[in-house]
Engineer: 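Have a look at this one before I ask anything.
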Number of protein chains: 2
Amino acid sequence: MSDPLWHPDVAALDLGQVLAALADPQRRRVALELAAGGDAPRLCATFAMPVAKATRTHHFRVLREAGLIRQVDLGNGRTNTLRRADLDQRFPGLLAALLAAEPPAAAGGDDQMPASASEGESTPASVR
Amino acid sequence: MSDPLWHPDVAALDLGQVLAALADPQRRRVALELAAGGDAPRLCATFAMPVAKATRTHHFRVLREAGLIRQVDLGNGRTNTLRRADLDQRFPGLLAALLAAEPPAAAGGDDQMPASASEGESTPASVR
DNA sequence: CCTATGGTACGATAGTTATCGTACCTTGAA
DNA sequence: TTCAAGGTACGATAACTATCGTACCATAGG
């Protein structure tokens, strides 16, 4: 539970934790974009979240510890994959329902989000 | 928005708020029991929540303001009804998925919860 | 080796949430 | 009228969460 990169077992997935993770708009967007992107792995940085790096790390940890995504450390970069099979096994229909209710904005399959230019790093104008 | 008994419009339902409301085990149980109970109205007190009255009121308010239930004040007692039609319209499949993933414990259709006897009123041993 | 990139861990802060006790209100029945 | 039952509102507290800055760590490439 305290390992550097820990993932809950399929059987241990908790619906409350999953829903709590998905309740946040930013995290929900990440999960749904992964779902809409054909379950292809993506680096954290490719999601263009309007928050500081530390906060982004936090959100991805919540997603991982809830069992929504699987992360693989590459030293530099960390790939994120939707745990679709596990989720569909434990909560069939949930992902589909969310995807139907709130399809990721940039539809069309796989948009690579053209970098969005200058990576200012930190100090994103304080959200919330 | 500040009226004593306010309900969000169907079009105003927010998925994030709905998921947040359903993330709590107690609130999720209420919603799912209503769903499994044929959408029949039920008083707050019939749900046997292991918390103080004030806390129960809080949870039902969260459910109502998220648009999950509709409440009608009777002076004494307040009836709670699942807003199934509204939910199915905005988030089709969501309720079904949750119901499938976590069917209410006391299954069998409509259990009236036989009073549970002595209503100690407050001081339920402090949970959490 | 040096630097850039993607990301973590720590420590802090502000806002939100769950919980409670007490006082009070409204309806219905004795 | 008086009382019981179901609930609310207020005010408080403790816990959790989102957010951040700074320091730091791996890998990849020059």
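Computed from a predicted structure; not experimentally measured. Residue numbering restarts at 1 for every chain, and letters A, B, ... go by the order of the sequence lines.
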Engineer: Side chain of A:Leu43 only, heavy atoms from C-beta on: which candidate in D:dG7, C:dG7, C:dA18 is closest?
Structural biologist: C:dG7
Engineer: Please check the phosphate of D:dG7 (OP1 and OP2 only) for any side-chain N or O of B:Gln71 closer than 4.0 Å.
Structural biologist: no
Engineer: Which pair of heavy atoms, one from A:Val18 and one from A:Leu68, lies closest together, and at what distance?
Structural biologist: O-CD1, 4.1 Å
Engineer: Nearest-nucleotide wise, let me know which of A:Asn76 and A:Asp24 is further upstream toward the 5' end of DNA chain D.
Structural biologist: A:Asp24
Engineer: Using the six-membered ring of B:Phe47, assess whether NZ or CZ of B:Arg42 lies under 6.0 Å from its centre and within 45 degrees of the ring axis.
Structural biologist: yes
Engineer: Does a nitrogen or oxygen in the side chain of B:Arg56 sit under 4.0 Å from OP1 or OP2 of D:dT8?
Structural biologist: no
Engineer: Quick check for you: among C:dC20, D:dT8, D:dA18, whose closest atom lies nearest to any side-chain atom of B:Lys53?
Structural biologist: D:dT8
Engineer: Counting just side-chain N and O atoms, does A:Thr57 come under 4.0 Å of either OP1 or OP2 of C:dT8?
Structural biologist: yes
Engineer: Does the side chain of A:Leu82 come within less than 4.5 Å of A:Leu87's, by heavy atoms?
Structural biologist: yes
Engineer: Please tell me which of the listed nucleotides, D:dA18, C:dA18, C:dG7, lies nearest to the side chain of B:His58?
Structural biologist: C:dA18
Engineer: Answer yes or no: does a side-chain N or O of A:Arg61 lie under 4.0 Å from OP1 or OP2 of C:dT8?
Structural biologist: no
Engineer: Could you check which of C:dT8, C:dT19, D:dT19 has an atom nearest any side-chain atom of A:Val51?
Structural biologist: D:dT19
Engineer: Between A:Ala54 and A:Arg27, which residue's closest nucleotide on DNA chain D lies nearer the 5′ terminus?
Structural biologist: A:Arg27
Engineer: State whether B:His59 places a side-chain N or O below 4.0 Å from either non-bridging phosphate oxygen (OP1 or OP2) of C:dT19.
Structural biologist: yes
Engineer: Out of curiosity, does A:Val62 fall in the hydrophobic cluster containing A:Leu15 (side-chain heavy atoms, cut-off under 4.5 Å, transitive links)?
Structural biologist: no
